[in-house]
Structure formats: structure tokens, C-alpha cells
Novice: 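The structure under discussion is supplied below as C-alpha cells; questions concerning it will follow.
In what follows, every heavy atom counts, from backbone to side chain, and hydrogens, waters and symmetry copies are set aside. Chain identifiers are assigned alphabetically (A, B, ...) following the order of the sequence lines, protein sequences preceding nucleic acid strands; residue numbering begins at 1 within each chain.
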Protein chains: 2
Amino acid sequence: MERTRDEQAEATKDHIANVAMEMFAAHGFSATSTRKIAKQAGVSEGLIFHHYGTKMGLLRGAAARSGALSDHIAQGLAADPDAPIEEQLRRIAEGFVAFLRADRLAARVFRVLMAESTTHPELYAMQQERTQTAVKQLSRYLSTRIAAGELRGDLRVDSAAQVLLGSFLWFFFTHMHLDADAWTTAARVHCDAVVDQWLRGALAEGAP
Amino acid sequence: MERTRDEQAEATKDHIANVAMEMFAAHGFSATSTRKIAKQAGVSEGLIFHHYGTKMGLLRGAAARSGALSDHIAQGLAADPDAPIEEQLRRIAEGFVAFLRADRLAARVFRVLMAESTTHPELYAMQQERTQTAVKQLSRYLSTRIAAGELRGDLRVDSAAQVLLGSFLWFFFTHMHLDADAWTTAARVHCDAVVDQWLRGALAEGAP
DNA sequence: GTCTATAGCTAGATAGAC
DNA sequence: GTCTATCTAGCTATAGAC
């Protein structure tokens with residue numbers, strides 16, 4: 001198994017990004033120095049700047065390489081668009097919980113980007129675009145369910161979608177201190193209750 | 001109007017905290033130097049350390065001086081506990097929007113604490129305590145409305161309270177880029193829709 | 001493509017005068 | 001209570017050898 005010089009370089013670049021994200025997630029962007037990243041990654045500081053130009057470029061690059069949390073939600077939605085809405089929503093919620101539990105790095109990346117985005121307009125835009133994509137896909141889906149007569153005709157789909165997504169994400173943000181097991185249990189209970197109440201408020205009169 | 005030496009000192013200390021919070025909110029905690037804070041506040045750097053010991057102490061102190069966002073919510077709840085729930089919730093939502101618009105510093109403090117709490121366990125605990133207090137007061141209120149027959153008996157009050165609070169706060173977080181007027185308009189629409197759907201899902205069968 | 005060396009600066013914090 | 005002066009350490013980024 002020989003590696004070309006380019007492949008090796010690309011692997012090193014990736015490795016730097018991964019290490020950087022771990023450290024940004026743990027201590028924040030500003031509080032993590034390029035020196036510490038270099039040491040932890042086992043490369044020289046100069047190499048980081050060779051590959052990414054600036055520290056901000058490193059964050060950008062590393063963030064771009066990690067899959068967006070919202071992509072996952074959107075993906076779950078597209079899987080079986082004609083399933084009954086209750087089943088669909090519960091499946092999304094369940095998948096969301098499982099994903100956050102399994103892919104801890106993605107979760108931490110999301111968290112750190114959310115935090116840093118409050119002070120870096122560029123990151124704010126990036127994060128905004130990602131979440132808004134998910135919200136839009138969700139609202140579009142809700143619209144199809146209105147058309148199908150499953151949901152009330154006067155449901156305000158944008159707000160409804162934001163409540164659903166926001167409730168999940170807010171829970172995630174405010175329960176990070178729990179360990180994986182406790183978090184999963186609490187998340188399931190919370191998601192169940194949310195979907196339940198949300199549906200009661202959204203279903204068409206006399207729907208099944 | 002004479003001021004004692006102590007009063008003057010206390011005023012200066014407050015002033016430093018206010019300036020610091022403005023700057024932390026604008027650029028983040030780590031990215032804001034004590035030097036810049038001193039310059040902006042018109043005092044020496046030494047004085048900051050005299051009053052607050054460390055930079056972290058300054059953040060702690062400044063945060064403690066500002067009223068918690070959640071206090072305001074809790075307060076709104078207590079004002080007229082026997083009003084019909086719909087009126088009550090709309091009043092809270094409206095007050096919440098007005099408050100965030102009027103008291104920009106409190107809003108920024110909340111935002112910066114939320115961001116920094118992802119990397120400072122101490123701040124996380126502080127923020128957690130503040131929001132959980134609000135959630136608990138809200139759930140307790142919801143319980144009284146169940147007892148009064150206004151809300152469904154099987155409503156899971158903790159989750160319901162978190163959805164309500166989380167939806168408002170999440171909106172706040174993801175719409176910071178709007179100017180005050182646009183933000184207020186969007187916030188009103190969103191809050192209305194949220195309360196509306198939330199109530200439909202929470203009211204007892206056959207309630208008015 | 002990667003490293004070593006270092007420039008040039010800014011950071012948080014302290015000491016001591018007033 | 002407040003300021004000036006300063007210490008030391010750490011920072012991002014660059015230059016040039018290999």
C-alpha cells in the first residue's frame with residue numbers, strides 16, 4: 001500500500017483539521033493557540049500556516065470538512081417522505097438523538113461554531129445558512145403534510161419548524177453536562193414529549 | 001450632591017463591568033484584552049485587576065451585576081398568576097420581546113455567557129442555574145393550570161416549559177443579525193405562532 | 001511538504017509611587 | 001483608589017533551510 005506524496009500531504013492536512021477541531025471544541029477558538037495545535041498534532045507550526053494561511057482559515061477549513069448537524073436532520077426527512085407524520089417526526093427525533101450521541105465530534109463542532117459565531121460574522125453566516133437550510137426543508141415537508149390534509153391548514157409552518165428544531169437544539173445545548181447515558185435517556189423523554197405536544201397542536205381536526 | 005469616596009469607587013467598578021460586558025459581547029471573552037477594556041473605560045489596566053483580581057473575575061463580576069434574563073421571565077409569571085393562561089402566556093411573550101429589545105446589555109450578557117459557557121464549566125453552571133430557575137417556575141405555573149383544569153392532565157410540564165422558553169431563546173440566538181425593528185416584528189410573529197400552537201397542544205379537551 | 005528559528009507584538013498580571 | 005511602568009510569557013505569522 002504505497003501512498004503518493006500528495007495523498008500523504010492531504011492526510012496530514014486532514015489530521016491537522018481534526019486535531020484543531022477537537023481543541024477548539026474543548027477550549028474555544030481564541031483560547032486555543034496554533035502552537036498547541038501543532039504540538040498536539042505532531043507537526044510544526046509553520047505547516048499549519050502553509051496549509052491554511054491563517055488561524056481563521058484553519059477554523060473555516062476544519063468546519064467545512066465536518067458534516068453539518070443540520071444536514072443529518074434534512075437527510076432523515078428525505079428518507080421516507082410519505083410516511084405518516086407522527087412516525088416521521090419520531091424517527092427524525094430518534095435519529096437526531098442517536099446521531100448526537102454517536103458522533104460526539106460533530107456535536108462538539110456544532111456547539112463551538114454556535115458559540116464562536118456570536119463574534120465572527122463569517123461563522124455566523126455559515127452557521128445560519130446551515131440551520132436555515134434544515135428549517136426550510138422541514139417547513140417544506142410540513143407544507144406537503146398540510147396539502148395531504150394531515151396538518152391544520154392555518155399552521156404557520158416556518159414557526160412550527162423552528163420550534164421543533166429549536167427545541168431539540170436547545171435541549172442539546174442545556175444538557176451537555178450529562179454523561180452519554182443520562183443524556184440519551186433525558187433526550188428521548190424530552191423529544192417524545194415535544195413531538196407529542198407539537199402534534200396535538202398541529203394536527204388537522206378529526207385527523208387519525 | 002457629594003459622593004463619598006466609596007460610592008465613587010463603586011461607580012467606577014460598575015462602569016468597568018459595563019464596558020467589559022459590551023466588549024465581551026462584541027468580540028468574545030478571550031479576544032477582548034484587559035488593555036482594550038481599560039482604554040475604552042478610561043481607567044488604567046491596574047485598576048481592573050485591583051477591583052476584579054483576574055480577567056475571569058471580571059467576567060464573573062460583570063455577569064453577576066446584570067439581572068438574569070430568566071429573572072425577568074419568572075417575574076412576569078408571578079405578576080398575575082390567576083389570569084387565563086392564554087392571556088398570561090401572550091403577556092409573558094410580549095414582555096420578553098420588549099425586554100430583549102429595550103435592555104440590550106442584558107441580552108448581550110446572556111448571549112456572551114451562553115457562548116463562553118461552552119468552554120468554562122463555571123460559567124456553564126451559572127447559566128444553567130439561571131435558566132433552570134426560569135424553567136422550574138414556568139413548570140410550577142403550568143402545574144397550577146392543570147390543577148385548575150385549564151391544561152391537559154397528562155401534559156409533561158417540564159418539557160412543555162422547556163419548549164416554550166427554548167423556542168423564544170433559540171429565536172433570539174438565531175436572529176441576532178436583524179436590526180431592532182425587524183427583530184421585533186419577526187419576534188412578535190414567531191412568539192404568536194409558538195404560543196398558539198403550544199396552547200392547542202396543551203389545553204384540556206373542551207376548554208374555552 | 002515539512003521543519004527550525006525567530007520576528008514582532010500583545011497578552012495578563014504585579015509593584016510601587018501618589 | 002488610581003496610575004505608571006514594567007515583567008514575563010505567550011501569541012500569530014514569516015523566512016529560509018532541507
Side-chain angles (χ1 to χ4, degrees), chain A residues 1-63 65 112 116 119-120 122-123, chain B residues 1-63 65 112 116 119-120 122-123:
Chain A
M1 268 310 195
E2 282 266 310
R3 270 184 165 178
T4 71
R5 196 172 157 87
D6 274 9
E7 277 170 355
Q8 181 52 50
E10 205 50 35
T12 305
K13 192 174 174 181
D14 259 11
H15 175 61
I16 292 171
N18 288 337
V19 169
M21 258 309 163
E22 283 283 354
M23 297 184 76
F24 289 155
H27 309 108
F29 176 71
S30 299
T32 306
S33 70
T34 51
R35 195 158 306 184
K36 283 179 193 153
I37 295 170
K39 189 174 179 185
Q40 182 71 26
V43 299
S44 70
E45 221 179 330
L47 190 58
I48 294 178
F49 288 96
H50 171 74
H51 278 311
Y52 292 101
T54 64
K55 191 188 174 187
M56 187 64 202
L58 173 58
L59 176 54
R60 244 198 315 270
R65 273 152 199 267
V112 77
E116 300 290 345
T119 52
H120 291 88
E122 186 188 347
L123 285 183
Chain B
M1 266 314 190
E2 283 265 310
R3 271 185 164 178
T4 70
R5 196 174 156 87
D6 275 9
E7 278 169 356
Q8 181 53 50
E10 206 49 36
T12 306
K13 192 173 173 180
D14 258 11
H15 176 61
I16 292 171
N18 288 337
V19 169
M21 257 308 164
E22 286 283 350
M23 297 184 75
F24 289 154
H27 310 108
F29 177 71
S30 298
T32 306
S33 69
T34 50
R35 197 154 305 183
K36 283 179 193 152
I37 296 170
K39 190 174 179 184
Q40 182 72 24
V43 299
S44 71
E45 220 180 331
L47 190 59
I48 293 179
F49 287 97
H50 171 74
H51 278 311
Y52 292 100
T54 65
K55 191 187 175 188
M56 186 64 201
L58 172 59
L59 176 55
R60 242 197 316 269
R65 272 153 198 267
V112 78
E116 298 298 337
T119 50
H120 291 90
E122 185 190 346
L123 289 182

Novice: When we call it a touch if two heavy atoms are under 4.0 Å apart, what does B:Lys36 touch: a base, just sugar-phosphate, or nothing?
Specialist: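 Sugar-phosphate, no base atom in range.
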
Novice: Check whether any side-chain N or O of A:Tyr52 sits under 3.5 Å from a backbone N or O of A:Lys13 as a donor-acceptor pair, and report yes or no.
Specialist: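 The answer is yes, because a donor-acceptor pair under 3.5 Å joins these two groups.
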
Novice: B:Lys55 NZ to D:dG10 C1': how many Å, rounded?
Specialist: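 Distance, rounded to whole Å: 13 Å.
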
Novice: Judged by each residue's nearest nucleotide on DNA chain C, which is more toward the 5′ side, A:Gly46 or A:Arg35?
Specialist: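 Whichever sits nearer the 5' end wins; that is A:Gly46.
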
Novice: Can you pull the contact range of chain B along DNA chain C, 5' to 3', using atoms under 4.0 angstrom from its heavy atoms?
Specialist: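 From 5' to 3', the first and last contacting nucleotides are C:dA11 to C:dT14.
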
Novice: Within the 4.0 Å heavy-atom criterion, would you say B:Thr32 contacts the bases, only the backbone, or no part of the nucleic acid?
Specialist: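 Sugar-phosphate only.
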
Novice: So how far is it from A:Leu47 CG to A:Ile16 CD1, rounded to the nearest 0.5 Å?
Specialist: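 One finds 4.5 Å between CG of A:Leu47 and CD1 of A:Ile16.
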
Novice: Rounded to the nearest Å, what distance is computed from the CE atom of residue A:Met56 to the P atom of nucleotide D:dC11?
Specialist: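 Atom CE in A:Met56 sits about 19 Å away from atom P in D:dC11.
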
Novice: Just the rounded figure in Å: distance from C1' of D:dC11 to CZ of A:Phe49.
Specialist: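 Atom CZ in A:Phe49 sits about 9 Å away from atom C1' in D:dC11.
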
Novice: With side chains defined as the heavy atoms from C-beta onward, is the minimum distance between B:Leu123 and B:Met56 less than 4.5 Å?
Specialist: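 Result yes, sub-4.5 Å side-chain heavy-atom pair found.
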
Novice: With the side chain counted from C-beta on, respond yes when A:Val19 and A:Val43 share a heavy-atom pair under 4.5 Å apart, and no when they do not.
Specialist: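 No, every pair of side-chain atoms sits at 4.5 Å or beyond.
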
Novice: Expressed in angstrom and rounded to an integer, what is the separation of A:Phe29 atom CZ from D:dC11 atom C1'?
Specialist: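 Taking atom C1' of D:dC11 as the reference, CZ of A:Phe29 is at 12 Å.
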
Novice: Return the minimal non-hydrogen interatomic distance between B:Thr32 and B:Met23, and the atom names on each side.
Specialist: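 Closest approach of B:Thr32 to B:Met23, heavy atoms only: OG1-O, 3.3 Å.
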
Novice: Remember a base hit wins even if backbone is also touched, and classify A:His51 as base, sugar-phosphate or nothing at under 4.0 Å, heavy atoms.
Specialist: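 A:His51: backbone/sugar contact only, no base atoms under 4.0 Å.
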
Novice: Within a strict 4.5 Å, meaning less than it, do heavy atoms of the A:Phe29 and A:Thr119 side chains meet?
Specialist: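 Side chain of A:Phe29 against side chain of A:Thr119, heavy atoms only: no contact under 4.5 Å found.
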
Novice: Rounded off to whole Å, could you give me the CG-to-C1' distance for the A:Leu47 and D:dT14 pair?
Specialist: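 Interatomic distance, CG of A:Leu47 to C1' of D:dT14: 14 Å.
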
